[in-house]
Enquirer: 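What follows is a structure written as structure tokens; I'll ask about it next.
Residue numbers run from 1 in the order of the sequence given.
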Amino acid sequence: DRLVLGGITYTSGDELQQLAWSDAADLEDFTTGTAGALTIGDAVGDISRMEVLGDQLAIFTTTSIHMMANIGGAITMSMRTAATNLGVFSRRCAVFLKGICFFMSREGFFSFDGVSVKEIGKVVGKQLREEIDTANPHQAFAYHHESRERIYWVVPTTDASFEVTYFVM
């Protein structure tokens, strides 16, 4: 077990694609032992969400998805890019259920199981792309209603007559 911090500036620069992890023996030690840091080199957007997915850590930027695994040994962590040109619209636009992440991007609604990304809700994806106010991602969020077994997404729109649109899956 270790603590992983993301979306931070750990080394020089102001890149928010950086990650740091603690030593396995001390959650407060980020400088010795098996502690380490890295910058996600192929990330274009800042890290906006991290969540455990199976035995790995899913790392979402606005334009990509990465998976990080603790492999131990001299090379403590491994990183792989799971999706490019597709990320989460905002940190609050993802819901994790039973090993699957359901998320909204600027392109539509998707599910991600740690290996593959699948588009869900193709019909409403077109409406989302036409109406979404991309300048206000902080106003968008997802909510899982357990008893109804539904996910609700609330999305800011560019339409002056409606402040938000709701999508239900």
Side-chain angles (χ1 to χ4, degrees), residues 2-21 36-144 151-158 165 167 169:
R2 56 184 77 239
L3 178 63
V4 178
L5 304 175
I8 60 169
T9 301
Y10 188 73
T11 59
S12 64
D14 59 356
E15 302 162 349
L16 295 178
Q17 299 101 0
Q18 296 183 357
L19 298 164
W21 56 89
L38 63 81
T39 299
I40 304 174
D42 56 352
V44 176
D46 296 340
I47 294 173
S48 52
R49 179 81 185 250
M50 298 190 323
E51 195 82 31
V52 173
L53 194 57
D55 61 350
Q56 299 181 52
L57 183 66
I59 302 160
F60 291 83
T61 73
T62 54
T63 59
S64 57
I65 304 171
H66 307 271
M67 296 299 289
M68 186 168 126
N70 183 354
I71 58 172
I75 302 172
T76 311
M77 299 289 184
S78 78
M79 179 74 73
R80 71 177 171 83
T81 301
T84 57
N85 300 318
L86 181 68
V88 68
F89 181 64
S90 80
R91 65 181 179 85
R92 300 184 312 159
C93 286
V95 172
F96 290 79
L97 296 171
K98 300 177 184 174
I100 298 174
C101 173
F102 298 92
F103 68 98
M104 183 189 89
S105 76
R106 294 174 190 260
E107 292 77 29
F109 300 94
F110 299 87
S111 67
F112 176 60
D113 62 4
V115 178
S116 62
V117 177
K118 295 178 184 162
E119 186 173 8
I120 57 174
K122 288 183 182 186
V123 174
V124 294
K126 182 178 183 226
Q127 179 186 355
L128 172 71
R129 289 187 296 277
E130 292 171 354
E131 295 180 7
I132 192 170
D133 181 358
T134 57
N136 290 300
H138 61 280
Q139 293 179 353
F141 65 92
Y143 169 73
H144 174 230
I151 300 172
Y152 296 86
W153 277 277
V154 179
V155 181
T157 66
T158 55
T165 297
F167 295 94
M169 306 261 179

Enquirer: Measure the shortest side-chain to side-chain distance between S78 and R80 over non-hydrogen atoms and say whether it is less than 4.5 angstrom.
Expert: no
Enquirer: Are any of the side-chain heavy atoms of F103 and I65 separated by less than 4.5 Å?
Expert: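 Yes - at least one pair of side-chain heavy atoms lies under 4.5 Å apart.
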Enquirer: For A94, is there any backbone N or O sitting under 3.5 Å from a side-chain donor or acceptor partner on R49?
Expert: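 Yes: the side chain of R49 pairs with the backbone of A94.
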Enquirer: Quick check: do M79 and I59 have side-chain heavy atoms less than 4.5 Å from each other?
Expert: yes
Enquirer: On a heavy-atom basis, which atom in L57 and which in V52 lie closest, and how many Å separate them?
Expert: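 It is CD1-N, 3.9 Å.
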Enquirer: Where do F110 and L86 come nearest, in terms of heavy atoms and distance?
Expert: CE1-CD1, 3.5 Å
Enquirer: Could you tell me if the side chain of E131 sits less than 4.5 Å from the side chain of V155, heavy atoms only?
Expert: no
Enquirer: Can M50 and L19 be said to form a side-chain contact (heavy atoms from CB on, under 4.5 Å), step by step?
Expert: CA-CA 10 Å; M50 298 190 323; L19 298 164; 3.5 Å; yes
Enquirer: Side chains of W153 and L128: does their closest heavy-atom pair fall under 4.5 Å?
Expert: no
Enquirer: With rounding to the nearest 0.5 angstrom, report the CG to OG distance, L97 to S111.
Expert: 11.0 Å
Enquirer: How far apart are the closest heavy atoms of A69 and Q56, and which atoms are they?
Expert: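 Shortest heavy-atom separation between A69 and Q56 comes out as CB-CG, 3.9 Å.
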Enquirer: Got a second to check how far I151's CD1 is from F109's CZ, nearest 0.5 Å?
Expert: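 Separation between the atoms: 10.5 Å.
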Enquirer: Does H138 offer a backbone N or O that forms a donor-acceptor pair with the side chain of R92 under 3.5 Å?
Expert: yes
Enquirer: If you compare all heavy atoms of A82 against all heavy atoms of M67, which two are closest, and at what distance to 0.1 Å?
Expert: CB-CG, 4.1 Å
Enquirer: How far does CZ of F112 sit from CZ of F102, to the nearest 0.5 angstrom?
Expert: 12.5 Å
Enquirer: What are the two closest non-hydrogen atoms of A140 and S90, and how far apart are they?
Expert: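 Of all heavy-atom pairs spanning A140 and S90, the closest is O-OG, 3.4 Å.
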Enquirer: At what distance, to the nearest 0.5 angstrom, does CE of M68 lie from CH2 of W21?
Expert: 5.5 Å
Enquirer: Going from CG on D133 to CD on Q139, what distance comes out if it is rounded to the nearest 0.5 angstrom?
Expert: 7.0 Å
Enquirer: Would you name the heavy atoms of V88 and S48 that are closest together and state the gap between them?
Expert: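 The pair with the smallest heavy-atom distance is CG1-OG, 3.2 Å.
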Enquirer: If I take atom CZ from residue F60 and atom SG from residue C93, how far apart are they, to the nearest 0.5 angstrom?
Expert: 11.5 Å
